[in-house]
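Structure first, commentary second.
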Amino acid sequence: MAKLALVTGACGFCGGYMVNLLKQEGWDVIATDLKRDEHRDQYLEEGALHPLYYQGAVDKKGVKFIPANLTKKESLEPLFEYIYDAVFHTASLYDYFAPWDILYKVNVEGLKNLLDVAMKKGVKRFIHWSTCGVFAEPKGKAITEDHPFDPPNDYCKSKAEQEKILQKLYKENGFPVTIVRPGPMYGLGQHYGVQHVFHTLEKYGIVPNIVWYPKKHTLMYPSVYVTDMVRAALFVAEREECIGESYNVLSDCITQVELMTFLAKTLGLREIRIPVWWPVYLIFCRIAVAFARRQDKQARAMGTRPKQELPMVEYIAHNHWFSNQKIKDLGFKFKFQDPRSGIFRHIGDCRERGWL
Amino acid sequence: MNIPVFDAPLLLLLGIVWGYIYAKKLVESHPDSHFFFRHILLLIFFVNIILSATGAIQPWGMGGNFAVAVNPWIGIFYVLSYPMWFWFGNEIFFLLWGKNSQEGGLTWSLTIKDTTKPFKPAWKSSELE
C-alpha cells in the first residue's frame, strides 16, 4: 500500500516540487494551499508579496487538493481526516517586506494551528521547512546545526520562533518532527530571493565583484537547487533516526567572489573586480543600508515595493557560511553539490523564458 | 601645431549622448549603427584636425579662438586619444544607465520605479510548460 503524505503550500514554489517528487516515488498525496482567489485576496489585503500560484502539481492525477488556510484553524480540520505517514510543511509567508504582525500570524500562529489539529489526529512524521537564516554570524568556520540563533530580520525571526515551538513539542511530547533548513533556494519557477541577485546583475549589465582584503573576510554564498531540497526532505522523512533532528540543506558553499566570476561568465556580463579593504566595505554597507531604509519608507508611502528590499541589502555584510556535513554523513548525496552546476541550469531555464 | 582644445571634452560628451541614443533607441532596430557612427564621427574629427594642422582651414572653421599651439608630439598624442574620449563617454553611459533598454546600469538601484523593459526569451523552445 502506498504511503500517504500531506504537502502544505503545494501551490508554492517548493511545495509543487515536493508533490511531484512524492508522486514519482509512488506516494499518495493530499495537497493543500489557499484557494487561488483567497490567495490573491489575502496577499493584496495584507500588502504582502503576491507570489506566483502554481496549480500544475496539484492538478495531477493521484493528487487530492483540499484548500485550507493556516490562519483559520477550522479550515485545517478536513485535512486530517486522513492518517499521514508524513506531513511536509512547506507553507510559509516568505516575504522580507511583510510586516512582523503578518509574518507572525501566518508563519507562527499558522504553524500553531496546524500543530493543534495534527496532534489531535496524529501524524507519523512532520517535516518542517525552516531557513539557514535563523543563525548568528559564523566564527571562523561553517555554521553547523547546533550554532546559536540570531535571526537578522523579521522573516528569519518568524522561522526561529517556529523552530522553538517545534523543538519544545519534540522534547515535551515526543512530536516526530524533523527540521530542514534550506539555504537560499532556486530552480525553475523561483521568482524571489536568489533570483533577485541574478535579476539585479542583469539589470546592472555588469557584475561588480568585490574582493575583500584581508582575505580572511571573504564572504561565502549558500544555495540549494529546489530538487535537491525536496529530495533531502523525503530522505529525512524516511529515516527514523532523523526524528527530533535538524539539518542544513544546501550545496557546498562557494565564495561570493567565485560566484560573481561564474555569474559574469554565465550571464555574459562584464566582470569588474573591485578590491576593497574590509573596513571600507563596512562603511559602504552602512551607506547602502541607510539608502535601502530610505527607499523602504518611500516605497511603503507609495504603496509599492523597492527593487531591493531592506533585509536583502542588509545581507551584504553577513557571512552566509553553512555546513551540510550532517545530512551528507547520513548518506544523502546532492545532485548539485557544486552550486555552479545548478545555477548554470537555472539560468538557462530562465533565459529560455525571458526571466533573465 | 594648433590643436582644438575642446575636441576631447566634446567627444566625451558626444560619447555619452550617442551612448544614450544607441542603447535606448537603436540597439535593437539598428545594431550596427554604433560601428558606423563611431567611425564617421572620428573621421570627421580627424579630417578637421589634419586640415587645420596643415593650415588649410581654421579648426572647425571658427577662427583661432579654440585652438592652442602645442608641441607637435603632444599634438599627435592628443589626436590619437580621440577614439578613447568617445569610447570613454560611451562607457560612462553604459555603466550608469545600461547598454540596452532592458538594462538600467548601476543607477537602476537608485529608483523605486523600474522603467526598463522586461527581458525577452533568449531562444524559442517547443518544450516549455
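Here is how names work: the chains are called A, B, and so on, in the same order as the sequence lines, proteins then strands, and each is numbered from 1.
From A:Glu314, atom CD reaches atom OH of A:Tyr96 across 11.0 Å, with rounding to the nearest 0.5 Å. Atom-to-atom distance recorded for B:Lys113:NZ and A:Thr304:OG1 is 10.0 Å, nearest 0.5 angstrom. Between atom CG of residue A:Asn209 and atom OG1 of residue A:Thr261 there is a gap of 4.5 Å, rounded to the nearest 0.5 Å. Atom CE in A:Met185 sits 12.0 Å away from atom NE2 in A:His346 (nearest 0.5 Å). The line from CG of B:Asn48 to CG of B:Asp7 is 6.0 Å long, rounded to the nearest 0.5 Å.
For the pair A:Lys203 and B:Phe119, the cation sits on the ring face: its NZ or CZ lies under 6.0 Å from the ring centre, inside 45° of the axis.
For CH2 of A:Trp277, the number of neighbouring non-hydrogen atoms (other residues, nucleotides, ligands) closer than 6.0 Å is 12 at most. Atom CH2 of B:Trp73 has 12 or fewer heavy atoms from other residues, nucleotides or ligands within 6.0 Å.
Put simply, the side chain of A:Gln190 never gets that close to the backbone of A:Gly187: no donor and acceptor are under 3.5 Å apart. Formation of a donor-acceptor pair under 3.5 Å by the A:Tyr225 side chain with backbone atoms of A:Ser341 is not found in this model. Checking side-chain atoms of A:Tyr17 against main-chain N and O of A:Leu188 turns up a donor-acceptor pair under 3.5 Å. The closest donor-acceptor contact from the side chain of A:Thr8 to the backbone of A:Thr90 lies under 3.5 Å. A distance-only check finds a donor-acceptor pair linking the side chain of A:Asp33 to the backbone of A:Cys11 [under 3.5 Å].
Between A:Asp296 and A:Arg293 there is no salt bridge, since none of the side-chain N atoms of the basic residue sits less than 4.0 Å from a carboxylate O of the acidic one.
Residues of residues 266-276 of chain A lying under 4.5 angstrom from chain B, judged on non-hydrogen atoms, are A:Leu269, A:Arg270, A:Ile272 by number. Proximity to chain A among residues 75-93 of chain B is limited to B:Glu91, judged by heavy-atom separations below 4.5 angstrom. Heavy-atom proximity under 4.5 angstrom to chain A picks out B:Lys99, B:Gln102, B:Glu103, B:Gly104, B:Gly105, B:Leu106, B:Trp108, B:Ser109, B:Leu110 from residues 97-110 of chain B. Residues of residues 15-45 of chain B never come closer than 4.5 Å to chain A when only heavy atoms are counted.
Using a 4.5 Å heavy-atom threshold, the side chains of A:Gln308 and A:Ile316 count as separate.
For chain B, the nearby parts of A:Glu202 are the backbone and the side chain; heavy atoms of each come within less than 4.5 Å.
Checked by atom type, the side-chain pair A:His320/A:Gln256 shows no donor-acceptor distance below 3.5 Å.
A centroid separation of 6.0 Å or more is found between the aromatic rings of A:Tyr221 and A:Phe262.
Here B:Thr111 is the residue among B:Thr116, B:Leu95, B:Thr111 with the most heavy-atom pairs under 4.5 Å with chain A.
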